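Just so it is clear, the values below take in all heavy atoms, side chains as well, and ignore hydrogens, waters and symmetry mates. Keep in mind that this is a model prediction, so the values were computed, not measured.
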Amino acid sequence: MEIIVWVVSRNKIYLALIFKKAIYYNLIILLIINIIEFFMIRAYAYLSKKHPLIHKFNILFVLSVFILCTYQLLENSKIEYSLGFVLILFPLFVFAKASTYKSKYLSDR
């Protein structure tokens, strides 16, 4: 009975150590993603302020991909064309965050 309890106790400690290590790895990965995201959003905010035509072209490109995929999805009824909805999520997120960053930190006050 004592050996079983000891093994169970040891497994719980071992699982706790693995869980603790996984939390650290997840925090490191999230930190790296946040740093990359911040610098990318900041860089795109500067780009959209300095070169508004490039920003408008990017918006038109994303909008055209959305319209094309929507049309193809409705016309052909194939699920493959719904990939366009997934593809535009990341640029829309970047546009929104860059717009917020630009209005907070890059305004001409």
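- Under the 4.5 Å side-chain heavy-atom criterion for grouping Ile, Leu, Val, Met, Phe, Trp and Tyr, Phe57 is not connected to Leu47 through any hydrophobic cluster.
- Counted within 6.0 Å of CD1 on Ile79, heavy atoms from surrounding residues, nucleotides or ligands total 12 or fewer; the atom is thus considered open.
- Taking the side-chain contact (heavy atoms from CB on, under 4.5 Å) definition, one finds that Lys97 meets it with Ile41, Phe93, sequence neighbours left out.
- Under a hydrophobic-cluster definition in which Ile, Leu, Val, Met, Phe, Trp and Tyr are linked whenever side-chain heavy atoms come within less than 4.5 Å, directly or via other members, Val94 and Ile54 are assigned to the same cluster.
- Taking every heavy atom of both residues into account, Ala98 and Ala45 meet most closely at O-CB, 3.7 Å.
- Phe39 is linked by a ring-ring contact (aromatic ring centres under 6.0 Å, His included) to nothing, counting only residues two or more places apart in sequence or in another chain.
- Screening residues 53-62 for side chain to side chain donor-acceptor pair (under 3.5 Å), with sequence neighbours left out, gives Tyr44-His55, Tyr44-Asn58.
- Within the structure, ring-ring contact (aromatic ring centres under 6.0 Å, His included) pairs that include any residue of residues 64-87 comprise Phe66-Phe85 (at least two apart or interchain).
- The OH atom of Tyr105 sits 15.0 Å away from the NZ atom of Lys49 when rounded to the nearest 0.5 Å.
- Distance check, rounded to the nearest 0.5 Å: CG of Leu73 to CG of Leu83 gives 11.0 Å.
- To the nearest 0.5 Å, atoms CG (Leu92) and CG (Leu87) are separated by 11.0 Å.
- Screening Lys78, Gln72, Glu80 for a side chain to side chain donor-acceptor pair (under 3.5 Å) with Asn76, the sole residue that qualifies is Gln72.
- Contact detail for Leu74 and Ser77: the closest heavy-atom pair is O-OG, 4.0 Å.
- In the hydrophobic clustering of this structure, Val65 groups with Phe90; members are Ile, Leu, Val, Met, Phe, Trp, Tyr whose side-chain heavy atoms approach within less than 4.5 Å, directly or through other members.
- In this structure, OG on Ser48 lies 7.5 Å from CG on Leu106, to the nearest 0.5 angstrom.
- The OG1 atom of Thr70 sits 7.0 Å away from the CD1 atom of Ile88 when rounded to the nearest 0.5 Å.
- In this structure, Ser64 contributes its side chain and Leu60 its backbone to a donor-acceptor pair below 3.5 Å.
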